[in-house]
K.L.:
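Would you mind keeping the following structure in view while I ask a few things?
No hydrogens, no waters, no symmetry mates; every other heavy atom, side chains included, goes into these values. Every number for a ligand or one of its atoms is a count from 1 in the order of the listing.
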Amino acid sequence: MSTEEPVASRESRAQVRQMLLIGAVASALGIALALVIDWFPIQASKEGEKIDTLWDVLLIASVPIFVLVETIVLYCAIKFRMRPGDELKDGPPIHGNTKLEIIWTAIPAILLVGLCTYAYVVLTDIEEAPAAESLNVRVVGEQFTWTFYVERDGKEVKANQLYLPNDKPVYFTVQSKDVIHDFWVPAFRMKIDAVPGIDTHLRVTPTRIGNYPVVCAELCGLGHSTMRQTAHVLDQAEWEKKMDELAAGPQGGGGGGGGGGETDGKTLFTESAQPTACKSCHTLADAGATGTTGPNLDEVIPDLSDAEIKESIQDPEAKITEGFQPGIMPRYGESLSEEQVDALVKYLKEVAGQ
Ligand code: CUA
């Protein structure tokens, strides 16, 4: 160390203090901002509470590090930038700093071990079987829809949408008929892969009455984005009523069902056709539909006879429109009644037949 060092080191200590101060202020702002942002949809399960807290802790732990690193990079880029006349100069020959290296290895290591332990504890906690008896629900994924089988009095009640009683622990068994899908209800904060040939499981206790999207979170083919359903969390009495209705058969709903007996072509097209409303994949001006997954109906319907349209709805594989692939459109012959398909054909001919 030469005799000039003290001045230089006093100067660099001041620079470090300045950097840390800017970093601290930026971190505080960063954390405040990160906590104010509403990252997730509404929270509707017991598990969700723990997961949202975990998320907040992760934010508080990681935002300062991100901000600190970015602050130092920016500070150095400005403070130590090359000025005119510096082009040929080399910087001072500095050797590594052991103390700093130990600090910047130890702090992240401690943080990482701490956060991993916490995350592990939360995960074990939410996967633990609850004391109360669980409702068993089997979820079956296929290209491109979900079907739900709710166990009730030892029998399975089949439904196209998911109906759950509020405040009751649910034990999901998730399966797939074809490729890998992923059963996800964002409001519950829980998701798990549906893998052909094996059963996967998920525990959720809904805590809020309402309707929440069920989505597929694994790219599973061209119709992946349309593989959506709705989870209805009902109070116990309403749920019992709905289960009775579903157990009585698709047409036995007495008008109270979710479109089980709907015969208005336009309504079927835009919202109620199961498993997915036609609107999500096709373009049809009259319905305000702009989907491009399937053929544009304004263009193809005029060239088709009633019988051909009917066949395309009931058994889409029978004839595939040029430029489109088989295996995308569900076989509506399995989910819609003859009457409903006729209503769709009539509607399509009326609005796009010319
Ligand atoms: Cu099923 Cu994506």
Side-chain angles (χ1 to χ4, degrees), residues 39-42 44-45 47-48 51 136-150 156-164 170-204 206 211-233 246 258-259 268-283 289-295 312-317 320-321 323-336:
W39 297 94
F40 299 125
I42 221 155
S45 79
E47 292 70 21
I51 288 174
N136 290 314
V137 177
R138 196 156 63 86
V139 178
V140 180
E142 69 188 285
Q143 287 169 322
F144 295 97
T145 192
W146 299 103
T147 310
F148 308 95
Y149 299 86
V150 180
E156 280 188 331
V157 178
K158 181 182 172 183
N160 285 327
Q161 300 190 18
L162 177 58
Y163 296 95
L164 299 173
V170 183
Y171 185 57
F172 287 106
T173 297
V174 181
Q175 303 169 329
S176 169
K177 280 190 188 170
D178 38 41
V179 300
I180 300 179
H181 301 275
D182 191 296
F183 171 63
W184 185 27
V185 182
F188 293 161
R189 306 289 189 273
M190 302 292 284
K191 68 205 261 283
I192 196 148
D193 275 5
V195 185
I198 67 168
D199 290 356
T200 51
H201 301 281
L202 201 61
R203 288 187 186 280
V204 171
N211 302 327
Y212 312 102
V214 176
V215 295
C216 176
E218 180 68 51
L219 191 59
C220 54
L222 276 181
H224 162 69
S225 63
T226 66
M227 192 164 163
R228 290 174 158 261
Q229 270 305 346
T230 306
H232 306 262
V233 178
L246 287 166
L268 279 164
F269 188 92
T270 52
E271 47 188 287
S272 61
Q274 293 291 343
T276 311
C278 322
K279 186 185 177 177
S280 10
C281 294
H282 292 281
T283 290
T290 55
T292 52
T293 307
S312 305
I313 297 172
Q314 290 179 318
D315 182 16
E317 305 299 301
I320 299 296
T321 306
F324 291 89
Q325 285 173 39
I328 310 297
M329 179 164 156
R331 298 157 62 90
Y332 283 88
E334 290 171 4
S335 52
L336 298 184

K.L.:
Does H282 reach the main-chain N or O of P295 with its side chain, forming a donor-acceptor pair under 3.5 Å?
P.N.:
yes
K.L.:
Got a donor-acceptor contact below 3.5 angstrom from the S45 side chain to the F188 backbone?
P.N.:
yes
K.L.:
T200 side chain to D193 main-chain N or O, any donor-acceptor pair under 3.5 Å?
P.N.:
yes
K.L.:
Around R138, counting heavy atoms of other residues, nucleotides and ligands shown, do more than 12 lie under 6.0 Å from its CZ?
P.N.:
yes
K.L.:
What protein N/O/S atoms are found closer than 2.8 Å to atom 2 (Cu) of ligand 1?
P.N.:
C216 SG, E218 O, C220 SG, H224 ND1
K.L.:
With a 3.5 Å distance limit and no angle check, can you tell me whether T290 reaches the backbone of T283 through a side-chain donor-acceptor pair?
P.N.:
no
K.L.:
Could you tell me if the side chain of V215 sits less than 4.5 Å from the side chain of P186, heavy atoms only?
P.N.:
yes
